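Computed from a predicted model, the values in this text were never measured in an experiment. Proteins get letters first, then strands, A, B, ... in listed order; numbering begins at 1 in each.
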Protein chains: 2
Amino acid sequence: MYASHLVLSADRATLPPFDLPSEAMTLDCLFAHQPMDKLAVGEALFWEGDMVSNIFQMAEGCLRLYRILPDGRRAIMGFVFAGELLGLSCQGTYRYTAEAITPVRLRRLSRARLNAMGEGAEQLRALLMTRIFEEMSAAQQHIVVLGQLGAEERVAHFLVSATCRTGANLKRPVVVELPMTRQDIADYLGLTVETVCRVLSKFKRDGLIAPEGRHMLVLRRMSSLQDLAGEVDDRALSERPTAVQRPAVWPN
Amino acid sequence: MYASHLVLSADRATLPPFDLPSEAMTLDCLFAHQPMDKLAVGEALFWEGDMVSNIFQMAEGCLRLYRILPDGRRAIMGFVFAGELLGLSCQGTYRYTAEAITPVRLRRLSRARLNAMGEGAEQLRALLMTRIFEEMSAAQQHIVVLGQLGAEERVAHFLVSATCRTGANLKRPVVVELPMTRQDIADYLGLTVETVCRVLSKFKRDGLIAPEGRHMLVLRRMSSLQDLAGEVDDRALSERPTAVQRPAVWPN
DNA sequence: CGGAAAATTGACTTACATCAAACTCAGTGG
DNA sequence: CCACTGAGTTTGATGTAAGTCAATTTTCCG
């Protein structure tokens with residue numbers, strides 16, 4: 001069960017050899033005995049304005065995080081994939097609604113409980129802080145994408161970063177699953193559906209990607225996409241080695 | 001010296017009566033005996049990629065935080081004004097360069113020292129976490145602004161939020177100081193200088209603002225600007241009550 | 001005062017949005 | 001099994017907000 005884990009740890013020569021295993025254990029143990037909740041497609045985990053009282057670990061599925069503006073526009077602030085945490089970097093009330101894109105299974109841990117555990121556990125605290133800083137870093141990256149990049153660059157960036165996060169990036173050819181709709185992608189990238197489609201069509205014509213049904217596509221020329229995207233936050237590549245976490249979450 | 005402090009504390013009936021005074025003390029005491037550094041205009045406090053080893057409290061002046069993209073575009077991720085903290089939500093290396101827009105005076109506290117102090121001090125820790133969550137919240141707000149708002153809405157949002165942060169918002173008419181250049185504003189809002197100028201000119205024509213030299217302007221119709229801006233994050237209005245902090249930082 | 005950087009304004013271009021019309025496809029029910 | 005349905009997607013024609021290029025004007029500062 002931990003074979004791939006050990007192999008990966010050995011690969012990552014840059015990390016202190018003892019940290020990764022113990023930290024991964026810590027975080028998983030935290031959630032291991034928590035109740036497993038399920039969400040149907042379209043169901044909300046919480047709404048913008050709800051009091052923050054839990055943090056969540058996604059076991060399976062995909063969530064969208066969004067805010068509706070007074071005039072009805074929808075801003076998607078992010079997506080949450082299997083293996084990731086949610087609700088860490090909020091205090092008071094949630095600043096977005098979290099809604100299931102696919103059927104979701106996740107574990108819930110009350111903040112009160114987390115704080116109680118954190119009191120003495122410096123190591124756990126450090127681990128959670130790291131996650132918070134990663135979220136911050138991702139938000140800042142998103143700011144650069146929205147503020148500075150053109151439509152093609154944005155879509156390319158989205159594809160590359162989604163690929164990295166879902167951890168399917170070791171296979172050739174690289175396949176990425178995009179459970180969200182084109183509208184979701186558009187609202188995430190500050191574009192319209194039509195523009196997202198046109199860009200994807202162009203990428204297809206240019207041989208950068210090959211669609212495999214609506215929600216799956218093959219990245220034929222990852223490097224070209226990366227060039228377009230500009231430097232995807234390197235942290236995204238090193239963070240959350242899913243091969244380490246996933247087996248612990250789904251030991252099936 | 002603490003007269004305004006006490007008055008304001010009494011005003012804020014929503015907060016637990018004992019927290020604010022003691023927390024304000026805590027944060028100020030933290031920096032009170034730290035060395036005071038100075039930066040000349042254009043001088044960098046740190047560069048993107050530098051190791052994170054300090055956090056800073058701005059005593060006076062204004063910083064811009066930016067990243068340069070491979071092709072030379074500059075993305076300004078934010079500004080730091082007097083009374084605010086910097087470097088809290090980073091780990092490892094800074095993800096942006098911090099550069100003085102005006103002459104700056106600030107206090108520096110090493111992370112090592114901070115961590116040492118934080119070990120037992122739950123209250124201090126909570127205070128810092130709140131600042132981190134506020135930064136996160138501001139980043140998310142910025143994401144919405146860049147992804148969803150048009151040029152006029154962006155500029156309006158910028159003016160309102162700058163006004164709230166610099167705390168000049170109690171006076172009528174409302175005066176706001178904008179020490180940064182138009183180019184800075186443009187790079188922050190994902191627009192061009194020309195567009196920023198045009199929007200400001202339009203606001204002037206429409207009587208929403210009245211320029212008072214390059215770096216100062218009067219907001220004649222705050223409410224119209226707020227309508228344009230959409231809901232400015234309410235947190236921004238309640239955060240960092242400068243009247244509370246400033247007297248402690250500059251007791252002159 | 002003189003010179004340079006910043007700001008403003010105008011003319012023109014363009015990337016993306018909007019509007020509109022097919023097309024695809026997963027689900028449903030006969 | 002297949003036709004029907006409706007949401008999601010794709011493509012095309014056209015509009016427009018913002019970018020680009022270029023020429024002044026203003027402001028700052030030695």
If the threshold is 4.0 Å, N to carboxylate O, is there a salt bridge linking [X] and [Y]?
X	Y	value
Glu153(B)	Arg73(A)	yes
Glu194(B)	Arg182(B)	no
Glu84(A)	Arg165(A)	yes

(request) Classify the angle between the aromatic ring planes of Tyr96(A) and Phe46(A) as parallel (below 30°), tilted (30 to 60°) or perpendicular (above 60°). (result) tilted

Gap between atoms [atom1] and [atom2], on [X] and [N] respectively (whole Å):
X	N	atom1	atom2	answer
Gln183(B)	dT8(C)	CD	P	13 Å
Leu178(B)	dA6(C)	CG	P	16 Å
Arg182(B)	dT9(C)	CZ	P	10 Å
His215(A)	dC25(C)	NE2	P	12 Å
Met216(A)	dA26(C)	CE	P	12 Å
Gln148(A)	dC16(C)	CD	C1'	17 Å

(message) At a heavy-atom distance below 4.0 Å, which nucleotide of DNA chain D is the first touched by chain A, and which is the last?
(response) dG8(D) to dA13(D)

(message) For Thr93(B) and Asp50(B): C-alpha separation, side-chain torsions, deciding distance, then whether side chain to side chain contact (heavy atoms under 4.5 Å, CB included) applies.
(response) CA-CA 5 Å; Thr93(B) 60; Asp50(B) 283 359; over 6 Å; no

(message) At 4.0 Å (heavy atoms only), tell me whether Thr181(A) reaches a base, stays on the sugar-phosphate, or touches nothing.
(response) sugar-phosphate

(request) Name the nucleic acid region contacted by Gly150(B), choosing base, sugar-phosphate or nothing; use a 4.0 angstrom heavy-atom cut-off, strictly under. (result) sugar-phosphate

(request) Would you indicate whether the side-chain heavy atoms of Val175(A) and Leu217(A) approach each other to under 4.5 Å? (result) no

(request) Count the heavy atoms belonging to other residues, nucleotides or ligands that lie under 6.0 Å from CZ of Arg74(A), then report whether that count exceeds 12. (result) yes

(message) If you compare every side-chain N and O of Arg214(A) against the phosphate oxygens of dA26(C) (OP1, OP2), does one of them come in below 4.0 Å?
(response) no

(message) Which residue is it: Ile76(B), Val80(B), Leu45(B)? I am looking for the one with a side chain to side chain contact (heavy atoms under 4.5 Å, CB included) to Leu65(B).
(response) Val80(B)

(request) Give a yes or no answer on whether the side chain of Ser201(A) reaches the backbone of Cys197(A) with a donor-acceptor pair at less than 3.5 Å. (result) yes

(request) Identify, residue by residue, the members of residues 193-205 of chain A with a heavy atom below 4.0 Å from DNA chain C, and return them in order of residue number, or none. (result) Glu194(A), Thr195(A), Arg198(A)

